[in-house]
Amino acid sequence: MPLILASASPRRLDLLARIGVVPDAVQPADIDETPLKGELPARHATRLAAEKAAAVANAGTLTLAADTVVGAGRRILPKAEDEATARTCLELLSGRRHRVHSAVTLIDGEGHARHRLSTSIVSFKRLTREEVDAYLASGEWRGKAGGYAIQGRAEAFVRFLSGSHSGVVGLPLFETRALLLAAGYPLG
C-alpha cells in the first residue's frame, strides 16, 4: 500500500530514511495551526497531526502526519518566523526545562486513524546574550518550533534531554515505526 507523508518538512523525510522508509509521495497538508482557546501543548500537537493526516488521506493509501510543539508550562511556543520571536523563545527557554510534544497520526487505507505522542523534556543551559545573538545570526531558528533546531547548533545549549531526540527534531521514530508496523507496512 502506498505511503503518503503529509508534511513539507525535509527533516521528517530524513528521519524516515533512518528507519528505511521512503514515502511514495509527499503531500503537505494546508491546515490552520492556530491553537484553540485554552488548548495545552500536548493536545495541540495531537490535534494538528490528526488534522494534517485527515486533510491528505485517500482510500487505499497509508497517510502519515506529524506535528511538534514546544511547550513552556501551559504555554505553546510559536514557530519562529522572525528574529524577535526567536529571541523571545530562546530567552524564555534559557536556563530552564521545557517539553517537546511530537505527535504522529497514521491513517490506513480504510480510514482508520492511529495516534502516538512522544513527550520529551529538554533543559537548556543559561544562555548568554552573545550566545543568543550568535544563534540568531545563524538563521537556523527560522520556522522552528520554539525558535531552535536541536539537530543543529542549538544542540550545544542542551544540558539535559529525557525522551526522544528524533521527536525533538520533528518525528519520533520509535512511535512512527510502531504505527507503521501495526498498519502492516513492511519494515526491514
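From a predicted model like this one, the values you see are computed outputs, not experimental measurements.
Residue-environment remark: CZ (Arg114) exceeds the threshold of 12 foreign heavy atoms within 6.0 Å.
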Query raised in the report: Would Phe160 and Arg97 satisfy side chain to side chain contact (heavy atoms under 4.5 Å, CB included), going step by step from the backbone distance to the final call?
Result: CA-CA 8 Å; Phe160 175 82; Arg97 285 184 177 192; 4.0 Å; yes
Query raised in the report: Step by step, would you call Ile4 with Leu64 a side chain to side chain contact (heavy atoms under 4.5 Å, CB included)?
Result: CA-CA 6 Å; Ile4 310 302; Leu64 180 70; over 6 Å; no
Query raised in the report: Yes or no on side chain to side chain contact (heavy atoms under 4.5 Å, CB included) for Arg129 and Arg87, after CA distance, side-chain angles and deciding distance?
Result: CA-CA 10 Å; Arg129 178 144 183 95; Arg87 180 178 299 279; 3.4 Å; yes
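Tracing side-chain contacts under 4.5 Å through hydrophobic residues (I, L, V, M, F, W, Y), one reaches Val104 starting from Leu181; they form part of the same cluster. Following chains of ILVMFWY side-chain contacts shorter than 4.5 Å, one can reach Leu187 starting from Met1, so the two form part of one hydrophobic cluster. In this structure, Ile76 is not a member of the same hydrophobic cluster as Val122, with clusters built from ILVMFWY side-chain heavy atoms closer than 4.5 Å. No chain of hydrophobic side-chain contacts below 4.5 Å, direct or via other Ile, Leu, Val, Met, Phe, Trp or Tyr residues, connects Ile31 to Leu36. Taking hydrophobic clusters as Ile, Leu, Val, Met, Phe, Trp and Tyr residues chained together by side-chain heavy-atom distances below 4.5 Å, Leu13 does not share a cluster with Val56.
When all heavy atoms are compared, the tightest approach of Val100 to Gly167 is CG1-O, 4.2 Å. Closest of all the heavy-atom pairs between Gly147 and Leu90 is O-CD2, 4.0 Å. Annotation for Trp141 and Glu83: closest pair CH2-N, 3.3 Å, computed over non-hydrogen atoms. Of all heavy-atom pairs spanning Val169 and Ile150, the tightest one is CG2-CG2, 3.6 Å. Here the shortest heavy-atom pairing between Leu92 and Ala72 reads CD2-CB, 3.9 Å. In terms of heavy-atom proximity, Ala154 sits nearest to Glu140 at N-OE1, 3.5 Å.
Atom CD of Glu39 is separated from atom NZ of Lys37 by 13.5 Å, given to the nearest 0.5 angstrom. Taken to the nearest 0.5 Å, the CG atom of Leu179 stands 11.5 Å off from the CD1 atom of Ile107. A distance of 12.0 Å separates CZ in Arg18 from OG1 in Thr176, rounded to the nearest 0.5 Å. To the nearest 0.5 Å, atoms CG (Leu16) and CG (Leu5) are separated by 6.0 Å. To the nearest 0.5 angstrom, Leu93 atom CG is 11.5 Å from Arg126 atom CZ.
Side-chain contact annotation: Arg159 with Ser123, donor-acceptor N/O pair under 3.5 Å present. Side-chain contact annotation: Thr119 with Arg99, donor-acceptor N/O pair under 3.5 Å absent. Side-chain contact check for Thr85 and Asp82: at least one donor-acceptor pair (N or O, by modelled atom type) lies under 3.5 Å.
Counting only distance, with no hydrogens or angles, the side chain of Ser9 and the backbone of Arg11 share a donor-acceptor pair below 3.5 Å. Under a 3.5 Å cut-off, the side chain of Thr61 and the backbone N or O of Pro2 do not form any donor-acceptor pair. Judged purely by atom type and a 3.5 angstrom limit, Glu131 uses its side chain to pair as donor or acceptor with the backbone of Thr128. The backbone N or O of Leu3 sits less than 3.5 Å from a side-chain atom of Asp24, completing a donor-acceptor pair.
By the side-chain contact (heavy atoms from CB on, under 4.5 Å) test, Ser164 is found to be paired with Ser118, Ser120, Ser166, Pro172, residues two or more places apart in sequence or in another chain being considered.
Comment: Glu51 engages Arg47 in a salt bridge, judged by a side-chain N to carboxylate O separation of less than 4.0 angstrom.
A 4.5 Å side-chain heavy-atom check between Arg116 and Arg177 finds every atom pair outside the cut-off. Side-chain contact between Leu173 and Leu15 is present, with heavy atoms from C-beta onward closer than 4.5 Å. Considering only heavy atoms from C-beta on, Val168 stays 4.5 Å or farther from Ser102 through its side chain.
For the salt bridge (Lys or Arg N to Asp or Glu O under 4.0 Å) with Lys52, the lone residue among Asp67, Asp30, Asp32 that qualifies is Asp67.
Within the structure, ring pair (Phe, Tyr, Trp, His ring centres under 6.0 Å) contacts touching residues 54-110 (residues at least two apart or in different chains) are His98-Phe124, His98-Tyr148.
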